[in-house]
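In what follows, a structure is listed as structure tokens, so that the remarks can point back to it.
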Amino acid sequence: MEFFCGLDVGMDETAICVVDATGKVMLETAVVTDPDAIKVALTPYLGRLRRLGHEAGSLSPWLHPELLRLGLPAVCLETLHVRAALKAQRNKTDRADALGIAHIMRTGWFRRAHIKSEACYRLRLLLTHRRNLKRKFVDLENAIRHSLKVFGIRLNRVGRGGFAQVVREAVAHDALVCELIDAMLNARAALWKEYCRLHDLVVRLVAGHELCRRFTQIPGVGPIAALSFMTAVDDPSRFRRSRDVAAYFGLTSRRWQSGSSIDVKGRISKAGDGDVRRALYEAASALLTRYKKKDKVKAWGLALAKRSSHRKATVAVARKLAVIMHAMWTSGTFYCGDPDASAAEMHAETTAKQRKLLGPYA
């Protein structure tokens, strides 16, 4: 008889449940969250253990490869799918979640989550920390702007470069406020310095990566969008068709159909990586509004905007960019937005754009 195992992974302890092919519970226990401890607990069932499932989480990039290395038939499960399945349970406990995951593995009703390579996670960590520093920098700047409104000081048209000088001049007459604001401005300057350091590292990595450089040939696609897309996909072969990538990043419409009278197509699902979705949307917006030359994707998007709305057209162009970038990756081709342009014109335009985006690293 075959056995199926479910793991509810926690920071300190992991709940383990083993069921047989009929659903009978054979083992319920909890061990330290360690691959070796998990294998020891499953020793009596290793010979006939068919599947071992665990939900995708923050420990999955470390735990999943270790379980495979120990010879366990580990499967990483998609979080949203598991959460929806476990809602049928009356009580939510670690023990009940492990039992539910074990039954999911027994029935085969699950979706696999892709575990990216270690190098890919390192690049995604760079993008995450860059984004966090930028958000904290903007939060500090907005806090300074808001606190000065109490004194009637409104900083409406102040650029980022001259912001600190203007603020210091505005509060120079008040010793206490000047001291407080100076501390905030120093923290803001430190955040901006470290943010620029990480952003420069992103630009250098993109400049040295052949695939990302090809992605930046697309109008609107910069270093952040190129690197975000590449690290989120990781392995292009896991998508059977390029158009599946758009759904993976939540850029396709939800559908609600029941019987013959109800068939509703809603807004985009917003599933998958939100950072990649935002980067693609920004790239599409730049293509439609800032790129001045001829481009067939831009022309298609502008025609759609006339029929519908600019926002929907931007989402549609973002969806098309995801498909194009995946197709470029799998086929090894280059982007050509203007079919009438000569090879020399395309090369000159690409070189100029990459010098603008990548600076001295182009």
Side-chain angles (χ1 to χ4, degrees), residues 1-129 231-235 237-238 248 271-273:
M1 181 176 290
E2 294 181 328
F3 297 103
F4 303 86
C5 177
L7 303 181
D8 185 70
V9 181
M11 293 297 295
D12 301 318
E13 276 192 345
T14 295
I16 302 176
C17 180
V18 177
V19 299
D20 62 14
T22 63
K24 181 182 177 181
V25 177
M26 306 301 294
L27 171 69
E28 283 187 321
T29 185
V31 299
V32 178
T33 301
D34 181 77
D36 294 317
I38 293 173
K39 183 177 181 180
V40 170
L42 296 175
T43 300
Y45 309 96
L46 290 180
R48 291 178 290 174
L49 185 63
R50 183 177 176 186
R51 284 194 293 263
L52 179 149
H54 65 95
E55 189 178 357
S58 56
L59 293 177
S60 299
W62 159 75
L63 181 63
H64 186 78
E66 290 296 316
L67 293 175
L68 294 177
R69 183 181 61 82
L70 294 175
L72 297 174
V75 179
C76 187
L77 307 176
E78 190 177 288
T79 304
L80 293 177
H81 196 259
V82 172
R83 188 179 303 168
L86 295 182
K87 281 184 179 179
Q89 297 181 144
R90 179 174 296 138
N91 298 317
K92 188 189 183 311
T93 62
D94 293 345
R95 179 179 175 181
D97 287 350
L99 174 62
I101 294 174
H103 283 304
I104 290 173
M105 302 310 295
R106 180 177 64 88
T107 59
W109 191 57
F110 61 84
R111 294 178 183 173
R112 292 178 180 265
H114 175 69
I115 299 296
K116 299 178 178 65
S117 61
E118 184 178 345
C120 183
Y121 276 111
R122 292 178 185 275
L123 294 177
R124 290 181 64 78
L125 186 63
L126 168 62
L127 292 169
T128 300
H129 287 334
T231 55
V233 173
D234 186 39
D235 180 14
S237 63
R238 63 192 181 101
Y248 178 74
D273 196 321

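As a basis for the values below, the full set of heavy atoms in this structure was taken, side chains included, without hydrogen atoms, waters or symmetry mates. Please read these numbers as outputs of a predicted model, since none were measured by experiment.
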For residues 72-105, pull every pair meeting ring pair (Phe, Tyr, Trp, His ring centres under 6.0 Å), keeping only residues two or more places apart or in separate chains. His81-Trp109

Check salt bridge (Lys or Arg N to Asp or Glu O under 4.0 Å) between Arg48 and all other residues, then give those that pass, not counting sequence neighbours. none

Results of side chain to side chain donor-acceptor pair (under 3.5 Å) for His114 - residues two or more places apart only: Asp234

Strictly by ring pair (Phe, Tyr, Trp, His ring centres under 6.0 Å), give each pair with a member in residues 82-102 just once, sequence neighbours left out. none

Should the pair Arg51 and Phe110 be classed as cation-pi, given the thresholds of under 6.0 Å to the six-membered ring centre and 45° from the axis? no

Which residues share a salt bridge (Lys or Arg N to Asp or Glu O under 4.0 Å) with Arg83, sequence neighbours left out: none

Non-neighbouring partners of Glu13 that pass salt bridge (Lys or Arg N to Asp or Glu O under 4.0 Å), sequence neighbours left out: none

Considering residues at least two apart in sequence or located in another chain, which fulfil the side chain to side chain donor-acceptor pair (under 3.5 Å) criterion with Ser58? none

Sequence neighbours excluded, the answer for salt bridge (Lys or Arg N to Asp or Glu O under 4.0 Å) partners of Arg124 is Asp273

Acceptor/donor pairs from residues 86-94 side chains to any protein atom, 3.5 angstrom cut, sequence neighbours excluded:
from, atom 1, to, atom 2, distance (Å)
Gln89, NE2, Ala96, O, 3.4
Lys92, NZ, Asp97, OD2, 2.8
Thr93, OG1, Ala96, N, 3.0

Can you tell me how far the NZ atom of Lys116 sits from the OG atom of Ser60, to the nearest 0.5 Å? 11.0 Å

Pair up each side-chain donor or acceptor in residues 69-79 with any protein partner under 3.5 Å, not counting sequence neighbours, and list the distances.
from, atom 1, to, atom 2, distance (Å)
Arg69, NE, Glu66, OE1, 3.1
Arg69, NH2, Glu66, OE1, 2.7
Thr79, OG1, Ala56, O, 3.1

Can you tell me which residue pairs pass the ring pair (Phe, Tyr, Trp, His ring centres under 6.0 Å) test with a partner in residues 33-67, sequence neighbours excluded? Phe3-Tyr45, His54-His64

Can you pull out every side chain to side chain donor-acceptor pair (under 3.5 Å) where at least one residue sits in residues 16-27? Sequence neighbours excluded, please. Asp20-Thr22

